[in-house]
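These notes are about the structure you will find just below.
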Amino acid sequence: GNNVLRMSSGIQIKPKTAVQKSKTSPLPHSPEPAIKPQPKPSDKLNPKTIDPFGAHSRPSSAFAAIYAKGGIPCRLVHGSVKHRLQWECLPETVPFDPLLVTLAEGLRETKHPYTFVSKEGFKELLMVEGAAEKAIPLLPRLVPVLKAALAHSDDEVFGRGLDALVQLSAVVGPSLNDHLKHLLTNLSRRLMDKKFRDKITIALQKLEQYGGKATVAIIKSKIPTYCSISS
């Protein structure tokens, strides 16, 4: 009896493996040669052509990679009511270059915990004593990164970019004026969107408050409808 079962089981198994082989064997041979040569040249091109302009569009971003390697000296701590950041060392002792720029780049993230870490980290780093003198030399590098966040199609990314811009303005004051015109085009575009109109108007008023009288002319050059808080 057992011999018959073994034989029958053996007979059942063999046709299956034969069928599987016939099913799977055409796959590696037919489509792959057509696909394989194509990714190779584009793989070589991608890092050069895509990275500088849209690291956020790739599945694993530069910020995510740095965070994974422990390059961001703070971590998200889940609280019962609200989340907070825990710094590995006092934020006062952390070099702003390149961390402030890296955190600004992280504002374009759309995944948790990167969204929280970048937003909160940027804010807390700007709150340390002597932040102005550390941040001002980085403005030429920070402004293009903030501009990318403000140009992002994701509403939350835009919102984080706008908050970060106001926080930066509060710290560096009139030093931001030389760079402001690069950021205003994207704000002007979003003013058309009802849900952002009030938030952008308040942000522009704060930029004027922190940047001084010269800021008004810069804002009006890009957003003629802006009403100064001093008028």
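Count residues from 1 along the sequence. Keep in mind that the numbers below use all heavy atoms, side chains included, and drop hydrogens, waters and symmetry copies.
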(message) Using the ring pair (Phe, Tyr, Trp, His ring centres under 6.0 Å) criterion, which residues pair with Y67? Sequence neighbours excluded.
(response)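 By the ring pair (Phe, Tyr, Trp, His ring centres under 6.0 Å) rule, Y67 matches Y114.
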
Which pairs of donor and acceptor atoms, one on a side chain in residues 137-145, lie under 3.5 Å apart (sequence neighbours left out)?
from	atom 1	to	atom 2	distance (Å)
R141	NH1	D97	OD1	3.2
R141	NH1	D97	OD2	3.2
R141	NH2	D97	OD1	2.9

Minimum heavy-atom distance [X]-[Y], with the two atoms named:
{"X": "V172", "Y": "A135", "value": "CG1-CB, 4.0 Å"}
{"X": "G161", "Y": "L150", "value": "C-CD2, 3.7 Å"}
{"X": "A149", "Y": "V157", "value": "O-CG1, 3.6 Å"}
{"X": "L125", "Y": "A131", "value": "O-CB, 4.1 Å"}

Distance-only donor-acceptor pairs under 3.5 Å for side chains of residues 193-204, two or more places apart:
from	atom 1	to	atom 2	distance (Å)
D193	OD1	K195	N	3.2
K195	NZ	D155	OD2	2.9
R197	NE	L191	O	3.2
K199	NZ	D163	OD1	3.4
T201	OG1	R197	O	2.8

Side-chain donor-acceptor distances from residues 217-224 under 3.5 Å, at least two apart:
from	atom 1	to	atom 2	distance (Å)
K220	NZ	Y226	O	2.6
S221	OG	I218	O	2.6

With a 3.5 Å cut-off and sequence neighbours excluded, list the donor-acceptor pairs that the side chains of residues 81-89 form with protein atoms.
from	atom 1	to	atom 2	distance (Å)
W87	NE1	E124	OE1	2.7

(request) Please assess L165 against L187 for the test side chain to side chain contact (heavy atoms under 4.5 Å, CB included), listing each intermediate value before the final yes or no. (result) CA-CA 11 Å; L165 172 60; L187 298 190; 4.2 Å; yes

(message) Counting neighbours of CD on E92 that are heavy atoms of other residues, nucleotides or ligands and sit closer than 6.0 Å, is the number greater than 12?
(response)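 Atom CD in E92 is packed in, count exceeds 12.
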
(message) For residues 129-138, which residue pairs pass the side chain to side chain donor-acceptor pair (under 3.5 Å) check, not counting sequence neighbours?
(response)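 Matches after skipping sequence neighbours: none remain.
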
(message) With side chain to side chain donor-acceptor pair (under 3.5 Å) as the rule and sequence neighbours excluded, what pairs involving residues 177-188 come up?
(response)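 Qualifying pairs, neighbours excluded: N177-T215, N186-R189.
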
(message) Filter on salt bridge (charged side-chain N to carboxylate O under 4.0 Å, His left out), then keep only pairs touching residues 65-76, sequence neighbours left out; what's left?
(response)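 Matches after skipping sequence neighbours: none remain.
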
From [atom1] ([X]) to [atom2] ([Y]), nearest 0.5 Å:
{"X": "L103", "Y": "I66", "atom1": "CG", "atom2": "CD1", "value": "9.5 Å"}
{"X": "S169", "Y": "L207", "atom1": "OG", "atom2": "CG", "value": "4.5 Å"}
{"X": "F122", "Y": "L168", "atom1": "CZ", "atom2": "CG", "value": "5.0 Å"}
{"X": "R190", "Y": "L162", "atom1": "CZ", "atom2": "CG", "value": "10.0 Å"}
{"X": "Q209", "Y": "S230", "atom1": "CD", "atom2": "OG", "value": "11.5 Å"}

(request) Run through the side-chain heavy atoms of Ile, Leu, Val, Met, Phe, Trp and Tyr, join any pair under 4.5 Å, and report what else lands in Y210's cluster. (result)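 Once heavy-atom contacts under 4.5 Å are chained together, Y210 belongs with V166.
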
(request) List the steps and the verdict of side chain to side chain contact (heavy atoms under 4.5 Å, CB included) for K119 and K123. (result) CA-CA 6 Å; K119 178 187 174 181; K123 178 179 149 191; 6.0 Å; no

(message) Run L99 and I72 through side chain to side chain contact (heavy atoms under 4.5 Å, CB included) and show every step you take.
(response) CA-CA 7 Å; L99 185 60; I72 313 289; 4.2 Å; yes

(request) Would you check if the side chain of E208 reaches a backbone N or O of I229 as a donor-acceptor pair within less than 3.5 Å? (result)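 Side chain of E208 to backbone of I229, a donor-acceptor pair under 3.5 Å: yes, one is there.
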
(request) Would you check if the side chain of R160 reaches a backbone N or O of E109 as a donor-acceptor pair within less than 3.5 Å? (result)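 Yes, because the side chain of R160 sits within donor-acceptor range (under 3.5 Å) of the backbone of E109.
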
(message) Set out, in order, the CA-CA distance, both residues' side-chain angles and the distance that settles side chain to side chain contact (heavy atoms under 4.5 Å, CB included) for F96 and V101, then state yes or no.
(response) CA-CA 8 Å; F96 271 43; V101 180; over 6 Å; no

